[in-house]
Structures are given as C-alpha cells and as structure tokens.
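This one's a predicted model, so the numbers in the text were calculated from it and none came from an experiment. We count residues from 1, following the sequence as given.
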Amino acid sequence: QVQLVEFGGGLVQAGNSLRLSCAASGRTFSTYAMGWFRQAPGKEREFVAAISRSGGNTDVTDSVKGRFTISRDNSKNTVYLQMNSLKPEDTAVYYCAASMGSMGWATPKERRRYDYWGQGTQVTVSS
C-alpha cells in the first residue's frame with residue numbers, strides 16, 4: 001500500500017500564496033500519475049490538477065487555471081501544488097492522490113482513477 005502525506009495547508013489572506021507538498025512512500029512513485037483534489041463543506045470532492053508519471057504533461061481545472069501549478073520531483077517522491085492569487089472560494093480540504101493504471105502521458109481527472117489518497121490538509125482563505 002502507498003501512503004501519501006500532505007503538508008503546507010494553513011490560513012492566508014486573499015491574494016496571497018501557498019505551496020502544498022505531498023510525500024509518498026514506496027519505490028514506485030514514478031509509475032503513478034498524481035493528482036490534487038479539494039472538498040469544501042457540503043460539496044463533492046472535485047478535481048483540481050494532475051500530472052503525468054514523468055511530469056511531462058499537466059492539467060488543471062478551469063477555475064484555477066493561471067493561478068495554480070502542479071509539479072513533481074520523482075527523486076524526492078513528492079508532488080507539489082503551487083497556489084497563487086488565492087481566493088476565498090479556494091477554501092477547502094486539499095487531498096493528493098496516486099493513480100496506478102494510467103497511461104504514461106495521462107492526467108486523470110476522475111476520482112475512480114485514483115487508487116491511493118492522502119489524509120488531506122486544510123486551506124482557508126480569508127477575504
């Protein structure tokens with residue numbers, strides 16, 4: 001079983017930045033596509049960003065395009081989410097996830113494509 005642990009959540013004012021990190025256990029990190037999802041109270045968990053196995057392809061949801069960037073460092077078994085120009089509507093619990101069955105170029109967006117999930121980290125953006 002792969003274990004994922006998120007770091008970097010916190011309370012920030014609108015317009016500021018945060019960088020989330022997700023550290024993965026195991027020796028096969030580079031074989032997984034990685035994604036970030038978020039869930040606000042009363043809402044369904046939604047896709048935020050994904051990155052392919054080697055980092056060559058990325059995808060972000062329209063609501064964060066131009067503000068959020070996903071990246072990975074396979075030598076450190078870590079995936080990152082750089083969040084700039086944060087808005088109150090970005091407030092949510094953010095989860096990282098690993099997908100085992102994706103093609104090498106894929107950036108999966110569906111929750112069912114991910115096999116392992118972190119515990120989540122709270123991001124709160126005040127106005």
Would a distance-only check, ignoring hydrogens and angles, find a side-chain to backbone donor-acceptor pair under 3.5 Å from Q13 to S127?
no
Would the distance check show the side chain of N57 and the main-chain N or O of A106 forming a donor-acceptor pair, the cut-off being under 3.5 Å?
no
Checking Q39 against E46: is there a side-chain donor and acceptor pair closer than 3.5 Å?
no
Within the 4.5 Å heavy-atom criterion, are R72 and T78 side-chain neighbours or not?
no
A side-chain contact here means heavy atoms from C-beta on lying under 4.5 Å apart; do Y80 and I70 qualify?
no
Within a strict 4.5 Å, meaning less than it, do heavy atoms of the M34 and F29 side chains meet?
yes
Polar side-chain atom of R45 near backbone of R111 as donor-acceptor pair, under 3.5 Å
no
W117 side chain reached by L4 side chain, heavy atoms, under 4.5 Å
no
Under a 4.0 Å threshold between the charged nitrogen and the carboxylate oxygen, would K87 count as salt-bridged to D90?
no
Where the side chain of Y114 meets the backbone of P108, is there a donor-acceptor pair that is under 3.5 Å apart?
yes
Taking it one step at a time, do L20 and T121 satisfy side chain to side chain contact (heavy atoms under 4.5 Å, CB included)?
CA-CA 9 Å; L20 304 183; T121 186; 4.1 Å; yes
Do the side chain of Q82 and the main chain of R19 share a donor and acceptor less than 3.5 angstrom apart?
no
Check: F37 ring centroid to F47 ring centroid under 6.0 Å
yes
Take R38 and V93 through the side chain to side chain contact (heavy atoms under 4.5 Å, CB included) test and state the conclusion after the steps.
CA-CA 5 Å; R38 66 186 182 185; V93 177; over 6 Å; no
